[in-house]
2 protein chains.
Amino acid sequence: MADIKAPTRLLFLREEELRQGIELLYFAYRDFTAGPDEILAGYGFGRAHHRVIYFVGRHPGMTVSDLLGILRITKQSLSRVLGQLVEEGFIEQRAGERDRRQRLLTLTEKGVELERQLSQNQRDRIARAFRGAGADAVEGFRRVMLGIVNEDDRARFDRPREGRA
Amino acid sequence: MADIKAPTRLLFLREEELRQGIELLYFAYRDFTAGPDEILAGYGFGRAHHRVIYFVGRHPGMTVSDLLGILRITKQSLSRVLGQLVEEGFIEQRAGERDRRQRLLTLTEKGVELERQLSQNQRDRIARAFRGAGADAVEGFRRVMLGIVNEDDRARFDRPREGRA
DNA sequence: AAAATGAGTCAACATGGCTGACATAAAAGC
DNA sequence: GCTTTTATGTCAGCCATGTTGACTCATTTT
């Protein structure tokens with residue numbers, strides 16, 4: 001079908017390898033988010049709520065601007081979902097001690113429970129993939145994925161400890 | 001900060017490992033799509049157009065329902081972006097030979113060029129990550145990502161050949 | 001001839017991005 | 001102390017892209 005392909009067999013394989021990488025990212029992400037999306041729909045929430053719940057759960061006491069930095073969206077977009085989550089009692093805000101302009105975000109018990117419910121599906125999926133692939137493969141996965149992430153966010157994955165915000 | 005964590009050190013690491021997996025997927029996908037998004041904006045297109053261009057480029061002559069099956073969206077959603085791409089001369093439709101109800105999709109020259117422009121960024125990023133991580137890591141990446149993808153889509157990645165549609 | 005299929009269309013709606021303008025309280029700088 | 005900057009929130013409106021439901025049309029299958 002008039003496939004536009006590279007001249008040599010070797011180069012073809014290389015190109016094919018990269019295409020596979022692209023598609024693995026697309027399909028893995030698509031399937032990875034499908035589970036939580038269903039649960040969220042039951043609460044009238046969307047994927048954006050999940051991201052907020054997730055990162056606040058991960059970094060209790062983080063500020064609004066920490067969150068904006070991670071999500072890379074505008075504060076107007078964030079405020080919509082964050083506002084709902086606060087209003088419906090999944091997230092609590094309290095003023096910062098050193099800087100009282102800040103709103104420190106934490107999950108309520110209700111929020112923790114929702115986070116657990118949402119992430120369980122994803123953790124199961126990852127755990128299954130990790131177990132099936134073996135420890136060396138997991139290390140390879142980690143290395144490749146880190147290489148794909150923008151340099152300025154790699155510190156977030158620094159070995160054992162958790163990077164602030 | 002009242003971190004909710006697991007009882008033992010071993011279990012903590014395990015939990016942390018899974019969390020890292022989740023976040024690697026999130027950040028890698030976010031950064032992976034940021035480049036093309038900028039280019040697309042210049043054409044008045046969005047990520048949905050990219051996906052259509054990509055898969056039609058990948059599988060020339062595919063049908064509309066093939067595409068719907070891959071993207072897992074409704075035909076109404078697809079028709080919007082596909083219609084634009086056809087109208088603006090990036091994609092051509094022709095009737096199927098065996099079944100004249102089908103619309104077989106192929107990229108025009110203009111479409112091929114846009115596809116190349118869009119994917120170049122992603123290919124570069126993947127290539128850089130693959131080179132930096134090494135061949136074994138790439139194999140591990142492949143194994144883990146395949147484990148994350150839903151079983152019914154894994155055949156798409158069968159070793160060397162390209163699975164129809 | 002009737003039923004099923006592939007594709008397209010109209011209408012209405014929701015989510016979650018965006019820009020721009022503006023308000024308020026607190027902190028930092030001079 | 002006054003001014004400026006910063007952290008946050010808010011109003012209003014726009015756009016892209018997903019959804020459901022109802023329907024048409026041509027063609028293929030039964």
Side-chain angles (χ1 to χ4, degrees), chain A residues 26 29-30 33-34 36-56 61-88 91-105 165, chain B residues 26 29-30 33-34 36-56 61-88 91-105 165:
Chain A
Y26 170 68
Y29 194 77
R30 187 198 63 178
T33 49
D37 283 354
E38 278 181 48
I39 300 169
L40 288 157
Y43 289 81
F45 290 158
R47 202 174 287 183
H49 298 83
H50 186 186
R51 291 198 276 257
V52 170
I53 290 259
Y54 176 83
F55 284 111
V56 172
M62 76 189 307
T63 68
V64 170
S65 53
D66 286 342
L67 195 46
L68 287 174
I70 288 182
L71 298 177
R72 304 242 177 111
I73 57 176
T74 59
K75 66 179 172 177
Q76 293 91 328
S77 294
L78 175 58
S79 116
R80 208 160 22 198
V81 293
L82 182 54
Q84 284 175 279
L85 289 169
V86 169
E87 194 169 339
E88 301 186 27
I91 287 183
E92 266 179 357
Q93 295 175 310
R94 63 177 197 286
E97 289 169 21
R98 282 195 333 231
D99 185 337
R100 299 210 327 274
R101 289 171 306 181
Q102 295 179 330
R103 297 286 171 269
L104 307 187
L105 306 172
Chain B
Y26 170 68
Y29 194 77
R30 186 198 64 179
T33 50
D37 283 356
E38 277 182 49
I39 301 169
L40 288 157
Y43 289 82
F45 290 158
R47 204 174 286 181
H49 299 83
H50 186 187
R51 292 198 277 257
V52 171
I53 289 261
Y54 176 84
F55 284 111
V56 172
M62 76 189 308
T63 68
V64 171
S65 55
D66 285 342
L67 195 46
L68 287 173
I70 288 182
L71 298 177
R72 304 240 177 113
I73 59 176
T74 59
K75 65 178 172 179
Q76 293 92 328
S77 293
L78 175 58
S79 117
R80 206 157 26 198
V81 292
L82 182 54
Q84 285 175 280
L85 289 170
V86 169
E87 195 170 340
E88 300 186 28
I91 287 184
E92 265 179 357
Q93 296 175 309
R94 64 177 195 287
E97 287 169 23
R98 282 195 333 232
D99 186 337
R100 298 206 331 271
R101 289 170 306 181
Q102 295 179 331
R103 297 285 171 270
L104 307 188
L105 307 173

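Just so you know, these numbers use all the heavy atoms, side chains as well, and skip hydrogens, waters and symmetry mates. Letters A, B, ... mirror the listed sequences (proteins, then strands); counts begin at 1.
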**Request:** Can you check whether any acceptor in the base of D/dG13 is under 3.5 Å from a donor in the side chain of A/Q76, or vice versa?
**Result:** no

**Asked** The side chain of B/V64 lies closest to which of these nucleotides: C/dC18, C/dA7, D/dG18?
**Response** C/dA7

Pull out every protein N or O sitting under 3.5 Å from an N or O of nucleotides 26-30 of chain D, one pair per line with the distance.
from: D/dT27; atom 1: OP1; to: B/R100; atom 2: NH2; distance (Å): 3.3
from: D/dT27; atom 1: O2; to: B/R101; atom 2: NH1; distance (Å): 3.1
from: D/dT28; atom 1: OP1; to: B/R100; atom 2: N; distance (Å): 3.1

**Complete:** Checking D/dT10, C/dG16, C/dA7 against the side chain of A/S79 (C-beta onward), the nearest is D/dT10

**Prompt:** From the list C/dC22, C/dG16, D/dT19, which nucleotide is the closest neighbour of the side chain of A/K75?
**Reply:** C/dC22

**Fill in**
Rounded to whole Å, the CG-C1' distance (B/L85 to D/dT17) equals 14 Å

**Message:** Mind checking if B/T74 touches a base, just sugar-phosphate, or nothing, with heavy atoms under 4.0 Å?
**Reply:** base

**Request:** Using whole Å, report how far CG of A/L82 lies from C1' of D/dT10.
**Result:** 13 Å

**Request:** Indicate the ring-plane relationship of A/H50 and A/Y54, choosing parallel, tilted or perpendicular according to the 30° and 60° boundaries.
**Result:** perpendicular

**Asked** Looking across every strand, which nucleic acid part, if any, lies under 4.0 Å from A/R47 by heavy atom: base, sugar-phosphate, or nothing?
**Response** sugar-phosphate

**Prompt:** What integer distance in Å separates A/R103:CZ from D/dT6:P?
**Reply:** 18 Å

**Prompt:** Base, sugar-phosphate alone, or nothing: which one does A/Q84 contact when heavy atoms must sit under 4.0 Å apart?
**Reply:** nothing

